[in-house]
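Below is one structure, written out as structure tokens, with a few remarks after it.
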Amino acid sequence: MPSETLTIVDNRIGKTYEVPIENGTVRAMDLRKIRTSSEDFGLMAYDPGFMNTAACKSRITFIDGEKGILRYRGYPIEQLAEKSSFLEVAYLLYFGELPTQSQLDEFNNIVLSHTLIHEQTKKFIDGFRHDAHPMGMFLSTVAALSTFYKEGKNIFDAQNRLVQFERMVAKMPTIAAFCFRHSIGMPFVYPDGDLSYPANFLSMMYKGTQLRYKPHPVLERALDVLFILHVDHEQNCSTTTMRGIGSSHCDPFTALAGAAAALYGPLHGGANEAVLRMLMEIGSKDRIPEFIKRVKAGDGARLMGFGHRVYKNYDPRARIIKQVAAEVLEVTGRSPLLDMALEMERIALEDDYFVSRKLYPNVDFYSGIIYQAMGFPVDMFPVLFAIPRTPGWLSQWEEQILDPEQRIVRPRQVYLGSEVRDYVPMAGRVDPATVDAAAPQAV
Ligand code: ACO
């Protein structure tokens with residue numbers, strides 16, 4: 001028995017158990033031994049939303065939500081955002097160490113060589129209606145890649161996994177930009193190998209008739225920083241989906257499509273879209289107090305971009321993004337939405353409702369304002385999240401594949417439905433909705 005243990009007394013039968021504590025956790029399977037009789041299934045942990053359940057051991061991302069700390073592979077997010085590039089961070093996440101210059105150059109070249117997508121993929125995107133949501137097109141196209149790269153199924157081949165990682169880091173911006181161009185009826189723009197990762201993406205998004213598209217360096221860097229901030233966030237909803245689908249040993253494209261689908265929702269990657277819509281609906285600074293009142297009254301409105309399952313302090317990414325927003329708007333021109341967001345934050349952080357619940361701005365509160373200032377339509381916001389999250393999802397998947405403790409994900413349930421009952425023939429069935437409650441009942 002290890003030195004750290006937990007003693008549990010089952011008051012139902014007065015039996016005592018001692019279970020080991022490892023890394024601040026007890027194994028849920030140890031609870032199974034706690035039984036009232038030999039027929040008893042054993043005790044389970046009930047944890048909807050996985051509020052207090054660690055499903056894996058990970059060495060990728062560290063978060064201290066109380067202190068507002070985020071680190072990738074031990075490096076503080078603030079240092080990476082200031083000094084690094086997105087591709088460097090993608091490399092760090094997957095390989096565990098920062099690359100040397102020659103390693104980074106090589107990685108850069110490999111990623112560049114994968115940026116084109118199969119011509120057939122274009123036809124696939126063309127098949128969507130002109131008004132299809134870009135995220136729907138995006139995640140369907142990612143899933144479709146599994147039909148192009150069938151070798152992706154060889155998930156126990158390390159070299160094969162690496163190729164899919166490089167391929168997907170490279171192709172996500174191309175797919176994203178093609179989905180956008182399709183939605184506005186513009187011809188696709190092919191990748192430009194002389195541009196940086198973020199500049200190439202902006203070129204594929206916005207290039208018109210000019211021979212070469214070169215974004216403003218402040219906007220290019222801002223996008224790179226935003227990408228760095230979104231690379232990984234440990235076991236969030238979409239990463240858990242990636243691991244959940246990955247646990248069935250399917251190919252990484254299919255798992256990535258599922259992860260992107262989880263990211264789509266307004267409580268996760270769709271939140272910055274929701275922030276912008278919220279600000280536009282409020283319309284002006286003087287109407288903010290009235291909106292805050294509605295949020296506090298709990299009549300369905302939430303202050304989008306506020307609150308986080310893990311951060312009970314200022315989200316460190318939000319702090320960096322707030323600064324980036326100011327720099328971008330210096331270039332693109334001041335936005336009334338930023339003024340409203342700043343005022344909203346000021347009011348909320350002085351209000352006991354938000355303070356007592358530890359609700360602070362999260363990564364999504366300011367990111368939408370930057371994206372809008374850079375010309376991205378609101379529908380593209382979740383796609384902009386999925387591009388940089390790709391190395392995070394794939395690094396987590398890699399870790400899962402190599403972890404001998406991992407099994408196919410299969411939670412338990414607490415069954416509260418009907419006891420066994422006999423099949424009722426059609427003629428004997430009654431629709432409860434049609435039974436007249438007022439009708440006299442037989443006694
Ligand atoms: N506005 C108003 N009240 C809130 C908010 C909010 N944004 N977030 C939480 N609360 C309140 C809840 O009503 C609850 O109050 P109560 O105790 O009086 O019932 C309390 O704070 C705790 O909230 P929960 O919903 O239990 O917190 P949970 O950890 O389940 O949810 C979540 C976290 C989903 C992020 C939530 O804060 C939220 O909906 N925020 C807005 C959406 C958002 O910005 N999502 C992006 C998250 S970051 C990301 O995914 C990249």
Side-chain angles (χ1 to χ4, degrees), residues 46-53 61 63 65-66 68-70 72 77 135 225-242 259-279 281-282 288-322 337 340-341 344-371 378 380-390 392-393 396:
Y46 177 60
D47 190 10
F50 305 129
M51 299 285 285
N52 194 37
T53 296
T61 292
I63 300 174
E66 292 297 327
I69 291 173
L70 169 62
Y72 297 156
I77 192 68
M135 191 64 170
V225 172
L226 280 163
F227 279 0
I228 290 171
L229 299 180
H230 285 89
V231 167
D232 195 51
H233 214 231
E234 50 123 302
Q235 309 311 316
N236 55 81
C237 177
S238 56
T239 303
T240 300
T241 306
M242 180 82 197
L263 190 71
Y264 198 178
L267 296 188
H268 191 12
N272 53 10
E273 176 175 344
V275 170
L276 221 66
R277 293 199 195 286
M278 171 188 76
L279 291 173
E281 201 182 304
I282 296 170
I288 293 174
E290 181 195 324
F291 177 77
I292 298 265
K293 217 185 260 176
R294 273 183 52 212
V295 169
K296 287 163 58 176
D299 68 354
R302 277 212 159 185
L303 180 39
M304 298 311 284
F306 260 65
H308 198 277
R309 171 63 58 80
V310 178
Y311 292 120
K312 301 303 167 198
N313 202 323
Y314 212 102
D315 181 337
R317 302 167 299 173
R319 212 183 288 283
I320 299 166
I321 288 184
K322 195 172 166 183
L337 293 184
M340 279 177 66
M344 183 95 97
E345 179 186 333
R346 189 191 64 75
I347 293 176
L349 295 186
E350 283 174 2
D351 191 309
D352 187 56
Y353 175 94
F354 298 93
V355 175
S356 63
R357 288 171 178 75
K358 299 185 176 172
L359 299 171
Y360 294 89
N362 60 47
V363 67
D364 289 316
F365 193 60
Y366 289 104
S367 62
I369 293 168
I370 304 178
Y371 289 144
V378 171
M380 277 295 285
F381 291 1
V383 179
L384 290 167
F385 197 154
I387 296 170
R389 188 49 66 89
T390 297
W393 287 328
Q396 297 273 351

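Each ligand, and each atom within it, is numbered from 1 in the order the structure gives.
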### Message
Which option wins on minimum heavy-atom distance to atom 17 (O) of ligand 1: M51, R357, K358?
### Response
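Looking at heavy atoms only, R357 sits closest to atom 17 (O) of ligand 1.
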### Task
Can you figure out which of G298, A271, S356 has its heavy atom closest to atom 43 (C) of ligand 1?
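Among G298, A271, S356, the closest heavy atom to atom 43 (C) of ligand 1 comes from A271.
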For [atom], is the nearest protein heavy atom under 4.0 Å away?
atom: atom 22 (C) of ligand 1; answer: no
atom: atom 26 (O) of ligand 1; answer: no
atom: atom 40 (N) of ligand 1; answer: yes

### Message
Ring centroids only, cut at 6.0 angstrom: are H268 and H233 within range, meaning strictly under it?
### Response
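Judged by ring-centre distance (under 6.0 Å), H268 and H233 do not meet the cut-off.
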### Message
Are F365 and F306 an aromatic pair, judged by ring center distance below 6.0 Å?
### Response
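Ring-ring flag for F306/F365: true, centres closer than 6.0 Å.
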[X] N/O under 3.5 Å from ligand 1 N/O:
X: G305; result: yes
X: L303; result: yes
X: L359; result: no
X: R302; result: yes

### Query
Under a heavy-atom criterion of less than 4.0 Å, does Y353 contact ligand 1?
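The answer is yes, since Y353 has a heavy atom less than 4.0 Å from ligand 1.
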### Message
Do Y360 and E345 pair up side chain to side chain, a donor and an acceptor below 3.5 Å, judged on atom types alone?
### Response
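No, E345 and Y360 have no side-chain donor paired with an acceptor closer than 3.5 Å.
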### Any side-chain heavy-atom pair of Y311 and P316 under 4.5 Å
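Side-chain contact under 4.5 Å: yes.
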### Query
For ligand 1, which atoms have a heavy atom of R309 less than 4.0 angstrom away?
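The list of qualifying atoms is 28 (P), 29 (O), 30 (O), 33 (C).
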### Task
Please work out whether any backbone atom (N, CA, C, O) or any side-chain heavy atom from C-beta onward of H308 is under 4.0 Å from ligand 1, and answer side chain, backbone, both or neither.
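It is both backbone and side chain that touch ligand 1.
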### Message
Give me the residue, atom name and distance of the protein heavy atom closest to atom 49 (C) of ligand 1.
### Response
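Minimum-distance protein heavy atom for atom 49 (C) of ligand 1 reads D364 OD2, 3.7 Å.
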